[in-house]
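What follows is a set of notes on a single structure, which appears directly below.
For reference, positions follow the sequence shown, starting with 1. Read the numbers this way: they start at 1 and go in the same order the structure lists the ligands and their atoms.
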Amino acid sequence: MTALTLSTSSAATLRADAIVVGVAKGPKGPVVAPGAEAVDTAFDGKLATVLETLGASGGEGEVTKLPAPSGLKAPVVLAVGLGEAPGEDEVFAEEALRRAAGSAARALAGVKKAAFALPVEDAEAVAAIGEGAALGAYTFTACRGTTGKKDAKNDKSAPLGEAAILGAKPRDKAFKAAVERAAAVAAEVNRARDLINLPSNDLTPKTFAAQAQAAAKEFGLKVEVLDEKALVKGGYGGLMGVGQGSENPPRLVRIAYTHAKAEKTLALVGKGITYDSGGISLKPAGHNETMKCDMAGAAAVFAAVVAVAKLGLAVNVTGWLALAENMPSGSATRPGDVLRMYSGKTVEVLNTDAEGRLVLADALTRASEENPDAIVDVATLTGAMVLALGDRTFGVMANDDAFRTSLYEIAEEVGEQAWPMPLPVELRKSMDSPVADMANMGERMGGGLVAGLFLQEFVGEGITWAHLDIAGPAFHEKAPYGYTPKGGTGSAVRTLVRLAERTADGDLG
Ligand code: BES
Ligand code: MN
Ligand code: ZN
């Protein structure tokens with residue numbers, strides 16, 4: 001991954017392949033952002049004019065590359081748009097810095113070292129720039145044969161090698177901590193992205209579980225894997241019912257981080273459908289090409305647990321990965337079949353494409369047995385949530401208003417787009433079944449909320465619970481922007497990590 005370093009060297013003398021400067025949208029054209037003074041001096045104070053002549057406006061994500069004038073050690077200057085300039089006495093928003101650093105890092109693929117001369121008023125700004133650079137630099141190369149590897153010197157599939165953040169003293173404790181946290185969090189978001197981008201022929205429930213076991217060994221986590229035999233024996237009818245049509249049998253992974261001084265325990269539950277064909281209720285063409293991403297919830301949970309371990313937070317975090325492949329076959333669950341869930345409830349499967357809630361239900365019941373202080377599940381659960389909120393925003397549902405608000409605020413704080421959604425009780429009866437305790441689907445209207453209500457039935461009595469439906473933002477199909485690449489995004493990882501930090505700090509109830 002891209003190395004993040006801090007430097008107090010002047011932008012003029014630092015050895016780097018490129019210098020990144022910020023340019024904001026001012027009332028009368030582009031304005032050079034603080035941090036770039038030395039670079040502007042090398043341009044005789046005319047950097048803003050040069051940029052304007054080149055057509056730059058300072059708009060968000062805009063990238064302008066210039067040959068450096070004499071007086072700068074680096075050969076290239078890259079001006080990145082920060083969007084609207086902040087008002088007097090205001091600083092650039094963290095997310096504006098994170099996105100700008102991401103856009104710059106993306107434009108610097110294949111480059112060894114870049115210096116980031118962006119505004120760094122405080123440690124939060126350093127963290128945002130570091131995170132943005134390391135996230136923007138992400139590339140997925142695991143499936144490349146030869147493309148992009150032939151010309152090692154100018155390999156555009158290689159991420160930016162090093163991002164040196166200027167203006168922040170490396171010995172300053174707050175700056176040092178900020179950049180270390182940024183590196184750990186970004187590495188784990190990128191771990192989630194890698195898992196999501198891996199095609200379903202390479203990532204099965206078994207190989208996913210093996211990755212969890214390897215990471216557990218590396219980071220000192222406790223891991224347990226239930227295989228299909230253990231799942232049958234344990235009565236996990238939801239996981240087995242979804243996975244029984246596949247040649248790749250299901251797994252339930254428990255991966256736990258504990259801290260000696262922890263006062264609270266968080267349980268994180270992730271939907272891990274390594275491929276969602278829809279099962280016998282097969283998805284039509286046009287709806288199944290990206291369904292390798294249906295394990296993004298489990299990837300986020302896994303990555304968040306590792307991040308918490310790397311940061312050594314004083315909180316216990318138990319991750320539950322509900323892994324299965326949803327395939328049609330002679331052994332697959334049929335529409336109309338009734339499953340006996342781990343909780344003892346029976347569920348009539350009306351649509352085998354509503355499989356996420358079935359695997360999550362078993363994991364939620366199992367997680368509840370350990371009586372955690374709170375449970376958060378993360379899932380690419382419904383197309384209805386994408387219709388409601390679009391492809392950049394995840395929905396937050398909960399059985400506790402304050403907890404839902406906290407999660408929404410945390411997401412906003414870390415730069416993830418989220419929105420609170422209700423769980424209207426009157427929708428519950430649409431899942432009544434004439435033969436079983438309930439059905440796995442109900443009313444189509446409000447489908448994302450119906451799914452949330454289904455999950456709620458499997459959360460242990462009195463346990464605070466929230467549900468993040470990341471079906472929209474988990475997988476990005478449009479052009480990259482800011483620090484968001486095409487493909488797996490690592491949605492929800494940063495929110496989960498900040499939730500763990502806040503819980504460790506005793507900020508949540
Ligand atoms: N994995 C899908 C949801 C999804 C849709 C994720 C688009 C990412 C992008 C889920 O398993 C599903 O198929 N849900 C159905 C439920 C319905 C049958 C009740 C849906 O949303 O259509
Ligand atoms: Mn489905
Ligand atoms: Zn699914």
Within 4.0 Å of some non-hydrogen atom of Ala471, the atoms of ligand 1 are 6 (C), 8 (C), 9 (C)
Identify whether the distance between the nearest side-chain nitrogen and carboxylate oxygen of Glu180 and Lys310 falls below 4.0 Å.
no
Keeping Thr382 on the side-chain end and Met385 on the backbone end, is there a donor-acceptor pair under 3.5 Å?
yes
Is the closest basic N to carboxylate O distance between Asp391 and Lys478 below 4.0 Å?
yes
Please work out, at 4.0 Å between heavy atoms, whether the side chain, the backbone, both, or neither of Arg444 comes within that distance of ligand 1.
neither
Please determine if Asp401 and Arg404 form a salt bridge, counting it only when a charged side-chain N lies under 4.0 Å from a carboxylate O.
yes
Below the 3.5 angstrom mark, is there an N/O of Arg357, backbone or side chain, next to an N/O of ligand 1?
no
Between the Zn ion (ligand 3) and Asp294, which N, O or S atom of the residue is the nearest one?
OD2
A student checking ligand 1 against Glu355 at a 4.0 Å heavy-atom cut-off should list atoms 11 (O)
Ligand 1 atoms in contact with Lys271 (distance to a heavy atom under 4.0 Å)
1 (N), 10 (C), 11 (O)
N, O or S of Lys271 under 2.8 Å from the Zn ion (ligand 3):
yes
Which atom name would you report as the N, O or S atom of Asp276 nearest the Zn ion (ligand 3)?
OD2
Any heavy atom of Met385 closer to ligand 1 than 4.0 angstrom?
no
Test the Arg191-Phe302 pair against the cation-pi criterion, namely NZ or CZ under 6.0 angstrom from the six-membered ring centroid and within 45° of the ring axis.
yes
Salt bridge present between Arg498 and Glu416 (N-O < 4.0 angstrom):
no
Taking atom 3 (C) of ligand 1 as the point of reference, which of Leu381, Val386, Asn288 owns the nearest heavy atom?
Leu381
Among the N/O/S atoms of Glu355, the Mn ion (ligand 2) lies closest to OE1
Taking distance alone, with no angle check, do Thr382 and ligand 1 share an N/O pair under 3.5 Å?
no
Residues Arg428 and Glu426 bridged, charged N to O under 4.0 Å:
no
What I want to know is whether Gly383 and ligand 1 share at least one N or O pair that is separated by under 3.5 angstrom.
yes
Look at atom 18 (C) of ligand 1 and say which protein heavy atom is nearest, naming residue and atom and giving the distance to 0.1 Å.
Asn351 ND2, 3.5 Å
Is the side chain of Arg494 donor-acceptor paired with the backbone N or O of Ala411 at a distance under 3.5 Å, no angle test?
no
Basic-acidic side-chain contact under 4.0 Å: Glu60, Lys25
no
Angle subtended at the Mn ion (ligand 2) by Asp276 OD2 and Asp353 O, rounded to 10 degrees:
170°
Atom 15 (C) of ligand 1: closest protein heavy atom, distance to 0.1 Å, is Asp353 O, 4.0 Å
Kindly indicate, with the supporting measurements, whether the criterion side-chain hydrogen bond (donor to acceptor under 3.5 Å, both in side chains) is fulfilled by Tyr342 and Glu369.
CA-CA 11 Å; Tyr342 182 68; Glu369 286 177 354; 2.7 Å; yes
Tell me which N, O or S atom of Glu355 sits nearest to the Zn ion (ligand 3).
OE2
Around atom NZ of Lys283, are there more than 12 heavy atoms from other residues, nucleotides or ligands closer than 6.0 Å?
yes
For atom CZ of Arg502, decide whether the heavy atoms of other residues, nucleotides or ligands shown that lie under 6.0 angstrom number more than 12.
yes
Name the closest protein heavy atom to atom 9 (C) of ligand 1, giving the residue it belongs to and the distance to 0.1 Å.
Met291 CE, 3.6 Å
Does ligand 1 have a heavy atom under 4.0 Å from the side chain of Asp276, from its backbone, from both, or from neither?
side chain
